[in-house]
2 protein chains.
Amino acid sequence: MTDALKNINPNVSVDCVVFGFDNEKLNVLLIEQKMANKDKVQFALPGDLIVDEESLDDAANRVLEEITGISGIFLRQFKAFGDPNRVSDIKDLDWLKSYRRNPQARVITVAYLALVKMDEFQPEASSFAERVFWQELESMPSLAFDHNKILNEALDRLRDDFVNHRTGFELLPELFTLGHIQKLYEIILGKELDKRNFRKKILKEKLVSATNQKQTGVLHKPAILYTLNHDNI
Amino acid sequence: MTDALKNINPNVSVDCVVFGFDNEKLNVLLIEQKMANKDKVQFALPGDLIVDEESLDDAANRVLEEITGISGIFLRQFKAFGDPNRVSDIKDLDWLKSYRRNPQARVITVAYLALVKMDEFQPEASSFAERVFWQELESMPSLAFDHNKILNEALDRLRDDFVNHRTGFELLPELFTLGHIQKLYEIILGKELDKRNFRKKILKEKLVSATNQKQTGVLHKPAILYTLNHDNI
DNA sequence: TCCCCAAGTGTAAAAAATACACTAAGTTTG
DNA sequence: CAAACTTAGTGTATTTTTTACACTTGGGGA
(Lines give C-alpha, C1' and ligand atoms only; values in the text may rest on other atoms or scores of the structure.)
Protein backbone atom coordinates (compact mmCIF):
# COMPACT_ATOMS: atom_id res chain seq x y z
CA MET A 1 0.00 0.00 0.00
CA THR A 2 1.48 3.35 -0.96
CA ASP A 3 1.38 6.32 1.32
CA ALA A 4 -1.07 8.06 -0.97
CA LEU A 5 -3.66 5.39 -0.38
CA LYS A 6 -3.20 5.25 3.34
CA ASN A 7 -5.97 6.65 5.38
CA ILE A 8 -4.35 7.16 8.73
CA ASN A 9 -6.74 7.19 11.63
CA PRO A 10 -5.68 9.94 14.03
CA ASN A 11 -7.43 8.45 17.04
CA VAL A 12 -6.40 4.83 17.23
CA SER A 13 -2.95 3.34 17.59
CA VAL A 14 -1.47 -0.06 18.32
CA ASP A 15 1.48 -0.74 20.60
CA CYS A 16 3.46 -3.97 20.64
CA VAL A 17 5.07 -5.48 23.70
CA VAL A 18 7.49 -7.99 22.20
CA PHE A 19 9.23 -10.06 24.83
CA GLY A 20 12.49 -11.63 23.75
CA PHE A 21 13.98 -14.74 25.30
CA ASP A 22 17.74 -15.31 25.02
CA ASN A 23 18.03 -18.35 27.29
CA GLU A 24 19.17 -16.10 30.08
CA LYS A 25 16.94 -13.10 30.59
CA LEU A 26 13.67 -11.67 29.52
CA ASN A 27 13.98 -8.65 27.25
CA VAL A 28 11.58 -6.21 25.66
CA LEU A 29 11.84 -4.63 22.25
CA LEU A 30 12.09 -0.86 22.53
CA ILE A 31 12.66 2.03 20.18
CA GLU A 32 14.65 5.14 20.89
CA GLN A 33 13.93 8.56 19.45
CA LYS A 34 15.74 11.85 19.79
CA MET A 35 13.76 14.64 21.35
CA ALA A 36 13.28 17.85 19.40
CA ASN A 37 15.96 19.58 21.42
CA LYS A 38 18.42 16.86 20.50
CA ASP A 39 20.08 16.47 23.87
CA LYS A 40 17.68 13.97 25.31
CA VAL A 41 16.36 10.64 24.12
CA GLN A 42 13.03 8.98 24.60
CA PHE A 43 12.30 5.27 24.85
CA ALA A 44 9.01 3.70 23.84
CA LEU A 45 7.29 0.53 22.78
CA PRO A 46 6.98 0.17 19.03
CA GLY A 47 3.59 1.48 18.02
CA ASP A 48 1.81 3.82 15.65
CA LEU A 49 -1.54 4.99 14.37
CA ILE A 50 -3.64 2.51 12.46
CA VAL A 51 -4.77 2.80 8.87
CA ASP A 52 -8.52 2.76 8.26
CA GLU A 53 -8.46 -0.11 5.81
CA GLU A 54 -6.73 -2.65 8.07
CA SER A 55 -7.88 -4.67 11.06
CA LEU A 56 -6.33 -4.08 14.46
CA ASP A 57 -4.41 -7.34 14.19
CA ASP A 58 -3.10 -6.37 10.78
CA ALA A 59 -2.16 -2.95 12.06
CA ALA A 60 -0.14 -4.43 14.90
CA ASN A 61 1.80 -6.65 12.51
CA ARG A 62 2.36 -3.90 9.99
CA VAL A 63 3.49 -1.34 12.55
CA LEU A 64 5.88 -3.76 14.19
CA GLU A 65 7.44 -4.64 10.87
CA GLU A 66 7.69 -1.05 9.71
CA ILE A 67 9.36 0.11 12.87
CA THR A 68 11.54 -2.83 13.74
CA GLY A 69 11.73 -5.07 10.68
CA ILE A 70 10.26 -7.95 12.66
CA SER A 71 7.42 -9.85 11.01
CA GLY A 72 5.68 -13.17 11.09
CA ILE A 73 5.28 -13.46 14.83
CA PHE A 74 2.12 -14.15 16.77
CA LEU A 75 0.86 -10.92 18.29
CA ARG A 76 -2.02 -11.23 20.70
CA GLN A 77 -4.27 -8.34 21.66
CA PHE A 78 -4.53 -7.98 25.41
CA LYS A 79 -6.02 -4.61 26.29
CA ALA A 80 -7.03 -1.17 25.07
CA PHE A 81 -5.69 1.85 26.92
CA GLY A 82 -7.67 5.04 26.70
CA ASP A 83 -6.98 7.42 29.52
CA PRO A 84 -7.45 10.88 27.98
CA ASN A 85 -4.25 12.01 29.72
CA ARG A 86 -2.13 9.12 28.54
CA VAL A 87 -0.44 11.38 25.98
CA SER A 88 -0.16 14.60 27.90
CA ASP A 89 3.32 14.99 29.22
CA ILE A 90 5.24 17.89 27.74
CA LYS A 91 8.16 15.66 26.87
CA ASP A 92 5.86 13.31 25.00
CA LEU A 93 4.21 16.11 23.06
CA ASP A 94 7.52 17.59 22.14
CA TRP A 95 8.47 14.29 20.65
CA LEU A 96 5.13 13.59 19.01
CA LYS A 97 5.15 16.86 17.14
CA SER A 98 8.11 15.66 15.18
CA TYR A 99 6.16 13.07 13.30
CA ARG A 100 2.41 13.39 13.74
CA ARG A 101 0.25 15.87 11.95
CA ASN A 102 -2.13 16.32 14.81
CA PRO A 103 -0.18 15.69 17.99
CA GLN A 104 -2.97 16.89 20.24
CA ALA A 105 -5.52 14.34 19.04
CA ARG A 106 -7.04 12.00 21.55
CA VAL A 107 -5.44 8.61 20.91
CA ILE A 108 -6.56 5.34 22.36
CA THR A 109 -4.17 2.47 21.86
CA VAL A 110 -4.75 -1.23 21.52
CA ALA A 111 -1.88 -3.17 23.06
CA TYR A 112 -0.47 -6.41 21.68
CA LEU A 113 1.79 -9.00 23.23
CA ALA A 114 4.27 -11.47 21.78
CA LEU A 115 7.11 -13.66 22.94
CA VAL A 116 9.94 -14.62 20.61
CA LYS A 117 13.41 -16.05 20.53
CA MET A 118 15.70 -13.05 20.52
CA ASP A 119 18.33 -14.53 18.28
CA GLU A 120 15.83 -15.15 15.50
CA PHE A 121 14.91 -11.50 15.28
CA GLN A 122 17.56 -8.89 14.74
CA PRO A 123 15.62 -5.65 14.95
CA GLU A 124 16.61 -2.98 12.45
CA ALA A 125 16.00 0.69 12.97
CA SER A 126 13.74 2.34 10.42
CA SER A 127 13.48 6.02 9.57
CA PHE A 128 10.82 6.16 12.24
CA ALA A 129 13.09 5.13 15.07
CA GLU A 130 16.61 6.21 15.74
CA ARG A 131 17.37 2.87 17.23
CA VAL A 132 15.57 -0.40 17.91
CA PHE A 133 16.98 -2.67 20.57
CA TRP A 134 16.35 -5.36 23.13
CA GLN A 135 16.18 -4.05 26.66
CA GLU A 136 16.53 -6.32 29.67
CA LEU A 137 13.36 -6.32 31.67
CA GLU A 138 15.26 -6.01 34.92
CA SER A 139 16.65 -2.60 34.05
CA MET A 140 13.77 -1.08 32.16
CA PRO A 141 14.05 2.69 31.75
CA SER A 142 11.20 5.14 31.97
CA LEU A 143 9.15 4.96 28.79
CA ALA A 144 7.05 7.45 26.85
CA PHE A 145 3.35 7.98 27.54
CA ASP A 146 1.83 5.17 29.63
CA HIS A 147 4.11 2.56 28.13
CA ASN A 148 5.50 1.36 31.45
CA LYS A 149 1.96 0.62 32.53
CA ILE A 150 1.22 -1.20 29.30
CA LEU A 151 4.39 -3.23 29.72
CA ASN A 152 3.51 -4.26 33.26
CA GLU A 153 0.07 -5.44 32.24
CA ALA A 154 1.59 -7.37 29.35
CA LEU A 155 3.95 -9.13 31.72
CA ASP A 156 1.10 -10.10 34.04
CA ARG A 157 -0.72 -11.58 31.08
CA LEU A 158 2.32 -13.44 29.81
CA ARG A 159 2.91 -15.05 33.20
CA ASP A 160 -0.70 -16.00 33.45
CA ASP A 161 -0.37 -17.85 30.16
CA PHE A 162 2.69 -19.70 31.38
CA VAL A 163 1.11 -20.74 34.65
CA ASN A 164 -1.69 -22.31 32.66
CA HIS A 165 0.72 -23.99 30.24
CA ARG A 166 -0.88 -22.29 27.27
CA THR A 167 2.37 -21.22 25.73
CA GLY A 168 6.11 -21.50 25.85
CA PHE A 169 7.52 -24.45 23.95
CA GLU A 170 7.53 -22.64 20.64
CA LEU A 171 10.37 -20.54 22.03
CA LEU A 172 12.74 -23.46 22.14
CA PRO A 173 15.08 -24.63 19.40
CA GLU A 174 14.21 -27.63 17.23
CA LEU A 175 15.90 -29.92 19.70
CA PHE A 176 15.99 -28.97 23.35
CA THR A 177 16.49 -30.47 26.76
CA LEU A 178 14.04 -30.56 29.61
CA GLY A 179 16.44 -28.26 31.40
CA HIS A 180 15.91 -25.68 28.65
CA ILE A 181 12.15 -25.73 29.16
CA GLN A 182 12.53 -25.40 32.87
CA LYS A 183 14.88 -22.47 32.52
CA LEU A 184 12.41 -20.78 30.16
CA TYR A 185 9.65 -21.16 32.70
CA GLU A 186 11.84 -19.96 35.52
CA ILE A 187 12.85 -16.85 33.60
CA ILE A 188 9.31 -15.96 32.60
CA LEU A 189 7.82 -16.63 36.00
CA GLY A 190 10.75 -15.12 37.84
CA LYS A 191 11.14 -17.97 40.33
CA GLU A 192 12.79 -21.36 40.71
CA LEU A 193 10.91 -24.59 40.12
CA ASP A 194 11.51 -28.08 41.47
CA LYS A 195 13.30 -30.14 38.83
CA ARG A 196 11.63 -33.48 39.39
CA ASN A 197 8.14 -32.12 39.73
CA PHE A 198 8.55 -29.90 36.70
CA ARG A 199 9.71 -32.83 34.56
CA LYS A 200 6.85 -35.02 35.71
CA LYS A 201 4.35 -32.37 34.72
CA ILE A 202 5.87 -31.54 31.35
CA LEU A 203 6.16 -35.18 30.37
CA LYS A 204 2.60 -35.90 31.43
CA GLU A 205 1.29 -33.24 29.07
CA LYS A 206 2.77 -35.27 26.18
CA LEU A 207 3.64 -32.19 24.18
CA VAL A 208 7.26 -33.21 23.75
CA SER A 209 8.98 -36.47 22.78
CA ALA A 210 12.46 -37.68 23.51
CA THR A 211 14.70 -38.23 20.49
CA ASN A 212 17.61 -40.67 20.57
CA GLN A 213 20.10 -37.85 20.51
CA LYS A 214 22.09 -36.24 23.27
CA GLN A 215 23.76 -32.93 23.84
CA THR A 216 27.42 -32.77 22.83
CA GLY A 217 30.22 -30.47 23.83
CA VAL A 218 28.82 -29.61 27.22
CA LEU A 219 31.06 -29.85 30.22
CA HIS A 220 28.77 -32.10 32.18
CA LYS A 221 26.55 -35.10 31.65
CA PRO A 222 24.87 -34.62 28.26
CA ALA A 223 21.09 -34.33 28.35
CA ILE A 224 18.63 -36.18 26.16
CA LEU A 225 17.26 -33.94 23.40
CA TYR A 226 13.53 -33.55 23.01
CA THR A 227 11.37 -32.32 20.18
CA LEU A 228 7.88 -30.80 19.95
CA ASN A 229 4.84 -32.95 19.21
CA HIS A 230 3.31 -30.52 16.75
CA ASP A 231 0.22 -32.61 16.18
CA ASN A 232 -0.64 -32.60 19.85
CA ILE A 233 -0.98 -28.86 20.32
CA MET B 1 -21.44 18.13 30.38
CA THR B 2 -23.58 19.86 27.81
CA ASP B 3 -23.67 18.79 24.23
CA ALA B 4 -21.91 21.96 23.19
CA LEU B 5 -18.84 20.98 25.15
CA LYS B 6 -18.74 17.41 23.97
CA ASN B 7 -16.00 16.51 21.63
CA ILE B 8 -17.24 13.32 20.11
CA ASN B 9 -14.57 11.06 18.73
CA PRO B 10 -15.80 9.63 15.43
CA ASN B 11 -13.47 6.63 15.48
CA VAL B 12 -13.85 5.02 18.86
CA SER B 13 -16.92 3.58 20.49
CA VAL B 14 -17.69 1.46 23.52
CA ASP B 15 -20.19 -1.39 23.64
CA CYS B 16 -21.57 -2.88 26.82
CA VAL B 17 -22.53 -6.51 27.27
CA VAL B 18 -24.64 -6.42 30.41
CA PHE B 19 -25.66 -9.86 31.55
CA GLY B 20 -28.71 -9.97 33.80
CA PHE B 21 -29.44 -12.75 36.24
CA ASP B 22 -33.02 -13.32 37.34
CA ASN B 23 -32.51 -16.53 39.32
CA GLU B 24 -33.70 -18.52 36.37
CA LYS B 25 -31.99 -17.57 33.15
CA LEU B 26 -29.17 -15.52 31.83
CA ASN B 27 -30.27 -12.41 29.92
CA VAL B 28 -28.52 -9.69 27.99
CA LEU B 29 -29.46 -6.04 27.82
CA LEU B 30 -30.33 -5.02 24.27
CA ILE B 31 -31.67 -1.96 22.54
CA GLU B 32 -34.08 -1.86 19.66
CA GLN B 33 -34.14 0.79 16.97
CA LYS B 34 -36.45 1.31 14.05
CA MET B 35 -34.83 1.19 10.65
CA ALA B 36 -35.14 4.21 8.37
CA ASN B 37 -37.84 2.50 6.35
CA LYS B 38 -39.87 1.95 9.53
CA ASP B 39 -41.01 -1.58 8.78
CA LYS B 40 -38.05 -3.36 10.27
CA VAL B 41 -36.33 -3.23 13.61
CA GLN B 42 -32.74 -3.67 14.55
CA PHE B 43 -31.32 -5.06 17.80
CA ALA B 44 -27.97 -4.11 19.22
CA LEU B 45 -25.85 -3.95 22.32
CA PRO B 46 -25.93 -0.56 24.01
CA GLY B 47 -22.94 1.42 22.79
CA ASP B 48 -21.90 4.72 21.31
CA LEU B 49 -18.96 6.88 20.33
CA ILE B 50 -16.72 8.14 23.07
CA VAL B 51 -16.07 11.74 24.03
CA ASP B 52 -12.48 12.92 23.86
CA GLU B 53 -12.32 14.16 27.43
CA GLU B 54 -13.33 10.90 29.11
CA SER B 55 -11.49 7.63 29.73
CA LEU B 56 -12.73 4.43 28.11
CA ASP B 57 -14.07 3.21 31.43
CA ASP B 58 -15.91 6.48 31.96
CA ALA B 59 -17.27 6.33 28.42
CA ALA B 60 -18.66 2.85 28.97
CA ASN B 61 -20.45 3.94 32.13
CA ARG B 62 -21.78 7.13 30.59
CA VAL B 63 -23.01 5.48 27.42
CA LEU B 64 -24.74 2.72 29.30
CA GLU B 65 -26.50 5.20 31.53
CA GLU B 66 -27.51 7.48 28.68
CA ILE B 67 -28.98 4.70 26.63
CA THR B 68 -30.50 2.49 29.28
CA GLY B 69 -30.67 4.51 32.49
CA ILE B 70 -28.49 1.93 34.24
CA SER B 71 -25.59 3.26 36.28
CA GLY B 72 -23.31 2.33 39.10
CA ILE B 73 -22.42 -1.15 37.92
CA PHE B 74 -18.98 -2.65 37.48
CA LEU B 75 -18.13 -2.71 33.79
CA ARG B 76 -14.96 -4.54 32.84
CA GLN B 77 -13.15 -4.04 29.57
CA PHE B 78 -12.52 -7.33 27.83
CA LYS B 79 -11.51 -6.70 24.23
CA ALA B 80 -11.27 -4.21 21.41
CA PHE B 81 -12.88 -5.08 18.08
CA GLY B 82 -11.50 -3.43 15.01
CA ASP B 83 -12.28 -5.32 11.85
CA PRO B 84 -12.61 -2.60 9.18
CA ASN B 85 -15.71 -4.36 7.87
CA ARG B 86 -17.44 -4.63 11.21
CA VAL B 87 -19.79 -1.79 10.26
CA SER B 88 -20.42 -2.51 6.64
CA ASP B 89 -23.75 -4.16 6.21
CA ILE B 90 -26.30 -2.11 4.30
CA LYS B 91 -28.85 -2.58 7.00
CA ASP B 92 -26.41 -1.28 9.58
CA LEU B 93 -25.52 1.76 7.53
CA ASP B 94 -29.13 2.58 6.91
CA TRP B 95 -29.64 2.64 10.61
CA LEU B 96 -26.45 4.47 11.47
CA LYS B 97 -27.27 7.34 9.15
CA SER B 98 -30.15 8.22 11.37
CA TYR B 99 -28.01 9.35 14.23
CA ARG B 100 -24.37 9.70 13.31
CA ARG B 101 -22.89 12.60 11.46
CA ASN B 102 -20.31 10.55 9.68
CA PRO B 103 -21.75 7.06 9.30
CA GLN B 104 -18.92 5.89 7.04
CA ALA B 105 -16.13 6.54 9.54
CA ARG B 106 -13.95 3.65 10.60
CA VAL B 107 -15.01 2.79 14.12
CA ILE B 108 -13.17 0.50 16.47
CA THR B 109 -15.07 -0.45 19.56
CA VAL B 110 -13.91 -1.35 23.04
CA ALA B 111 -16.20 -3.93 24.58
CA TYR B 112 -17.18 -4.03 28.23
CA LEU B 113 -18.77 -6.75 30.29
CA ALA B 114 -20.94 -6.70 33.40
CA LEU B 115 -23.21 -9.02 35.33
CA VAL B 116 -26.08 -7.69 37.41
CA LYS B 117 -29.23 -8.70 39.16
CA MET B 118 -31.99 -8.05 36.68
CA ASP B 119 -34.56 -6.94 39.19
CA GLU B 120 -32.33 -4.15 40.48
CA PHE B 121 -32.11 -2.54 37.07
CA GLN B 122 -35.21 -1.57 35.19
CA PRO B 123 -33.87 -0.30 31.91
CA GLU B 124 -35.58 2.76 30.49
CA ALA B 125 -35.54 3.66 26.83
CA SER B 126 -33.94 6.98 26.00
CA SER B 127 -34.42 9.09 22.90
CA PHE B 128 -31.53 7.13 21.45
CA ALA B 129 -33.23 3.78 21.63
CA GLU B 130 -36.78 2.94 20.80
CA ARG B 131 -36.77 0.26 23.43
CA VAL B 132 -34.37 -1.19 25.97
CA PHE B 133 -35.03 -4.68 27.24
CA TRP B 134 -33.65 -7.87 28.70
CA GLN B 135 -33.29 -10.64 26.16
CA GLU B 136 -32.88 -14.26 27.18
CA LEU B 137 -29.54 -15.57 26.08
CA GLU B 138 -31.09 -18.77 24.79
CA SER B 139 -33.13 -17.01 22.16
CA MET B 140 -30.80 -14.28 21.10
CA PRO B 141 -31.77 -12.62 17.81
CA SER B 142 -29.38 -11.49 15.13
CA LEU B 143 -27.73 -8.26 16.24
CA ALA B 144 -26.33 -5.24 14.42
CA PHE B 145 -22.73 -5.06 13.27
CA ASP B 146 -20.52 -7.68 14.89
CA HIS B 147 -22.47 -7.60 18.13
CA ASN B 148 -23.21 -11.33 18.14
CA LYS B 149 -19.50 -11.98 18.00
CA ILE B 150 -18.84 -9.51 20.80
CA LEU B 151 -21.54 -11.15 22.88
CA ASN B 152 -20.08 -14.61 22.42
CA GLU B 153 -16.64 -13.50 23.47
CA ALA B 154 -18.14 -11.78 26.50
CA LEU B 155 -19.85 -14.98 27.52
CA ASP B 156 -16.62 -16.95 27.22
CA ARG B 157 -14.94 -14.44 29.45
CA LEU B 158 -17.74 -14.44 31.99
CA ARG B 159 -17.63 -18.22 32.28
CA ASP B 160 -13.89 -18.17 32.64
CA ASP B 161 -14.27 -15.84 35.61
CA PHE B 162 -16.79 -18.13 37.21
CA VAL B 163 -14.69 -21.24 36.74
CA ASN B 164 -11.91 -19.48 38.59
CA HIS B 165 -14.26 -18.23 41.30
CA ARG B 166 -13.31 -14.65 40.67
CA THR B 167 -16.85 -13.39 40.64
CA GLY B 168 -20.43 -14.21 41.27
CA PHE B 169 -21.46 -13.74 44.86
CA GLU B 170 -22.23 -10.07 44.40
CA LEU B 171 -25.24 -11.13 42.37
CA LEU B 172 -26.96 -12.65 45.34
CA PRO B 173 -29.32 -10.95 47.76
CA GLU B 174 -28.11 -9.81 51.19
CA LEU B 175 -29.05 -13.19 52.60
CA PHE B 176 -28.89 -16.24 50.40
CA THR B 177 -28.71 -20.00 50.54
CA LEU B 178 -25.98 -22.24 49.24
CA GLY B 179 -28.57 -23.50 46.79
CA HIS B 180 -28.86 -20.00 45.38
CA ILE B 181 -25.15 -19.81 44.72
CA GLN B 182 -25.16 -23.19 43.09
CA LYS B 183 -28.03 -22.26 40.83
CA LEU B 184 -26.23 -19.07 39.83
CA TYR B 185 -23.15 -21.05 38.88
CA GLU B 186 -25.19 -23.61 37.01
CA ILE B 187 -26.95 -20.95 34.98
CA ILE B 188 -23.78 -19.07 34.10
CA LEU B 189 -21.82 -22.20 33.27
CA GLY B 190 -24.72 -23.88 31.56
CA LYS B 191 -24.31 -27.22 33.31
CA GLU B 192 -25.26 -29.04 36.50
CA LEU B 193 -22.90 -29.31 39.45
CA ASP B 194 -22.68 -31.88 42.22
CA LYS B 195 -24.32 -30.45 45.34
CA ARG B 196 -21.99 -31.84 47.96
CA ASN B 197 -18.80 -31.07 46.12
CA PHE B 198 -19.98 -27.60 45.27
CA ARG B 199 -20.79 -26.81 48.90
CA LYS B 200 -17.46 -28.13 50.10
CA LYS B 201 -15.61 -25.88 47.70
CA ILE B 202 -17.64 -22.75 48.38
CA LEU B 203 -17.34 -23.14 52.13
CA LYS B 204 -13.61 -23.75 51.92
CA GLU B 205 -13.12 -20.43 50.17
CA LYS B 206 -14.48 -18.72 53.28
CA LEU B 207 -16.14 -15.96 51.32
CA VAL B 208 -19.53 -16.54 52.93
CA SER B 209 -20.68 -17.08 56.51
CA ALA B 210 -23.75 -18.77 57.84
CA THR B 211 -26.15 -16.57 59.77
CA ASN B 212 -28.48 -18.01 62.39
CA GLN B 213 -31.48 -17.42 60.18
CA LYS B 214 -33.41 -19.75 57.93
CA GLN B 215 -35.61 -19.42 54.92
CA THR B 216 -39.33 -19.07 55.65
CA GLY B 217 -42.39 -19.70 53.57
CA VAL B 218 -40.81 -22.29 51.32
CA LEU B 219 -42.61 -25.54 50.79
CA HIS B 220 -39.70 -27.74 51.77
CA LYS B 221 -37.02 -27.88 54.43
CA PRO B 222 -35.86 -24.28 54.97
CA ALA B 223 -32.23 -23.61 54.15
CA ILE B 224 -29.73 -21.78 56.31
CA LEU B 225 -29.16 -18.23 55.11
CA TYR B 226 -25.63 -17.07 54.38
CA THR B 227 -24.10 -13.66 54.00
CA LEU B 228 -21.02 -12.33 52.20
CA ASN B 229 -17.72 -11.84 54.03
CA HIS B 230 -16.98 -8.46 52.49
CA ASP B 231 -13.61 -8.13 54.20
CA ASN B 232 -12.37 -11.36 52.71
CA ILE B 233 -12.71 -10.47 49.06
C1' DT C 1 -50.54 -37.91 59.55
C1' DC C 2 -48.80 -38.47 55.30
C1' DC C 3 -46.68 -36.54 51.25
C1' DC C 4 -43.81 -33.46 48.83
C1' DC C 5 -39.64 -31.05 48.20
C1' DA C 6 -35.27 -29.17 48.46
C1' DA C 7 -31.72 -29.04 52.42
C1' DG C 8 -28.15 -31.10 54.36
C1' DT C 9 -24.51 -34.46 55.19
C1' DG C 10 -19.70 -38.20 54.70
C1' DT C 11 -16.65 -41.22 52.69
C1' DA C 12 -13.81 -43.66 49.63
C1' DA C 13 -11.00 -43.46 45.50
C1' DA C 14 -8.33 -41.17 42.19
C1' DA C 15 -5.61 -37.51 40.68
C1' DA C 16 -2.58 -33.73 41.38
C1' DA C 17 0.77 -31.10 43.97
C1' DT C 18 4.60 -30.86 46.93
C1' DA C 19 8.92 -31.88 49.35
C1' DC C 20 13.09 -33.93 49.16
C1' DA C 21 18.70 -36.31 47.95
C1' DC C 22 21.44 -39.13 45.67
C1' DT C 23 23.89 -41.32 41.46
C1' DA C 24 25.37 -40.79 36.44
C1' DA C 25 27.99 -39.18 32.54
C1' DG C 26 30.52 -36.41 30.36
C1' DT C 27 34.60 -32.41 30.42
C1' DT C 28 38.45 -30.18 32.34
C1' DT C 29 42.39 -29.86 35.16
C1' DG C 30 46.56 -31.29 37.49
C1' DC D 1 44.66 -41.19 34.57
C1' DA D 2 42.53 -39.73 38.65
C1' DA D 3 40.10 -36.29 40.81
C1' DA D 4 37.04 -32.45 40.50
C1' DC D 5 33.39 -30.18 38.44
C1' DT D 6 28.79 -29.58 36.47
C1' DT D 7 24.30 -30.52 35.11
C1' DA D 8 21.26 -34.78 33.97
C1' DG D 9 18.38 -37.92 35.65
C1' DT D 10 15.53 -40.55 38.86
C1' DG D 11 11.45 -42.34 43.03
C1' DT D 12 8.76 -42.12 46.99
C1' DA D 13 5.97 -40.62 50.67
C1' DT D 14 2.66 -37.03 52.04
C1' DT D 15 -0.72 -33.80 51.42
C1' DT D 16 -4.23 -31.63 48.86
C1' DT D 17 -7.73 -31.57 45.51
C1' DT D 18 -11.17 -33.61 42.74
C1' DT D 19 -14.69 -36.70 41.83
C1' DA D 20 -18.46 -39.95 42.45
C1' DC D 21 -22.23 -41.23 44.92
C1' DA D 22 -27.38 -41.92 48.39
C1' DC D 23 -29.79 -41.31 52.33
C1' DT D 24 -32.05 -38.58 56.20
C1' DT D 25 -34.20 -34.09 57.70
C1' DG D 26 -37.60 -30.42 58.46
C1' DG D 27 -41.01 -27.59 57.17
C1' DG D 28 -45.57 -26.68 54.38
C1' DG D 29 -49.70 -28.31 52.17
C1' DA D 30 -53.37 -31.57 51.49
Side-chain angles (χ1 to χ4, degrees), chain A residues 22-25 159-166 168-169 172-228, chain B residues 22-25 159-160 162-166 168-169 172-227:
Chain A
D22 66 355
N23 300 310
E24 292 295 336
K25 303 216 166 182
R159 287 180 170 157
D160 196 58
D161 281 354
F162 266 77
V163 167
N164 295 306
H165 300 277
R166 281 192 288 254
F169 296 171
L172 299 164
E174 187 66 26
L175 294 173
F176 50 85
T177 70
L178 295 182
H180 289 150
I181 309 184
Q182 185 174 346
K183 191 159 187 184
L184 168 62
Y185 270 72
E186 288 178 338
I187 289 169
I188 304 291
L189 298 181
K191 64 178 180 188
E192 296 203 341
L193 302 171
D194 179 271
K195 182 163 56 162
R196 283 181 284 196
N197 294 337
F198 183 80
R199 286 168 168 248
K200 250 181 283 180
K201 205 156 169 179
I202 292 300
L203 292 175
K204 196 166 49 175
E205 308 216 346
K206 302 240 172 90
L207 299 178
V208 299
S209 316
T211 65
N212 52 7
Q213 300 173 64
K214 286 182 180 179
Q215 276 182 314
T216 54
V218 287
L219 51 155
H220 55 76
K221 175 175 175 178
I224 292 174
L225 292 169
Y226 285 75
T227 188
L228 260 185
Chain B
D22 67 355
N23 301 310
E24 292 295 337
K25 304 217 167 181
R159 286 180 170 158
D160 196 59
F162 265 78
V163 166
N164 295 306
H165 300 276
R166 281 192 287 254
F169 297 169
L172 298 164
E174 187 66 26
L175 295 173
F176 51 85
T177 71
L178 296 180
H180 289 150
I181 308 185
Q182 186 174 347
K183 190 160 190 185
L184 167 63
Y185 269 72
E186 287 178 340
I187 289 169
I188 304 291
L189 299 180
K191 64 178 181 189
E192 297 203 343
L193 303 170
D194 179 89
K195 182 163 55 160
R196 284 182 282 197
N197 294 337
F198 183 80
R199 286 167 169 250
K200 248 181 287 181
K201 207 154 166 179
I202 293 299
L203 292 176
K204 196 166 47 175
E205 309 218 343
K206 302 237 172 93
L207 300 177
V208 299
S209 316
T211 65
N212 51 8
Q213 300 174 63
K214 288 181 178 179
Q215 276 183 314
T216 55
V218 288
L219 51 155
H220 55 75
K221 175 175 176 179
I224 291 174
L225 293 169
Y226 285 76
T227 187

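Below, read A as the first sequence line, B as the second, and so on, with proteins coming before strands; counting in each chain starts at 1. When reading the values below, keep in mind they use all heavy atoms of this one structure, side chains included, and skip hydrogens, waters and symmetry mates. Note that the structure is predicted; figures quoted are calculated from it, not measured.
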Check: [Y] and [X] side chains under 4.5 Å, non-hydrogen atoms:
X        : Y        : result
A:Leu228 : A:Leu172 : no
A:Asp161 : A:Ile188 : no
B:Leu225 : B:Thr177 : yes

Self-check item: Where chain A begins and ends its contact with DNA chain C, read 5' to 3' at 4.0 Å from heavy atoms
Solution: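 That gives a stretch of C:dA16 to C:dT27.
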Interface polar pairs with nucleotides 15-18 of chain D, N/O, under 3.5 angstrom:
none

[X]: salt bridge (charged side-chain N to carboxylate O under 4.0 Å, His left out) partners, not counting sequence neighbours:
X        : result
B:Asp160 : B:Arg166
A:Lys25  : A:Glu136, A:Glu138
A:Glu24  : A:Lys183

Self-check item: Nearest-Å distance for atom pair CZ/C1', residues B:Arg196 and D:dA20
Solution: 8 Å
Practice problem: Give every residue pair that meets the side-chain hydrogen bond (donor to acceptor under 3.5 Å, both in side chains) criterion with at least one member in residues 207-216 of chain B, sequence neighbours excluded. | Solution: B:Ser209-B:Asn229
Quiz item: According to the side-chain hydrogen bond (donor to acceptor under 3.5 Å, both in side chains) rule, which pairs have a member within residues 189-204 of chain B, sequence neighbours left out?
Solution: B:Asp194-B:Asn197, B:Asn197-B:Lys200
Quiz item: Got a sec, which residues hit ring-ring contact (aromatic ring centres under 6.0 Å, His included) with A:Phe198, two or more places apart in sequence or on another chain?
Solution: A:Tyr185
Self-check item: Residues forming a ring-ring contact (aromatic ring centres under 6.0 Å, His included) with A:Phe176, sequence neighbours excluded
Solution: none
If you restrict it to nitrogen or oxygen atoms, what contacts under 3.5 Å exist between nucleotides 5-8 of chain D and the protein, and what is each distance?
| residue | atom | partner | partner atom | Å |
| --- | --- | --- | --- | --- |
| D:dA8 | N7 | A:Lys195 | NZ | 3.3 |

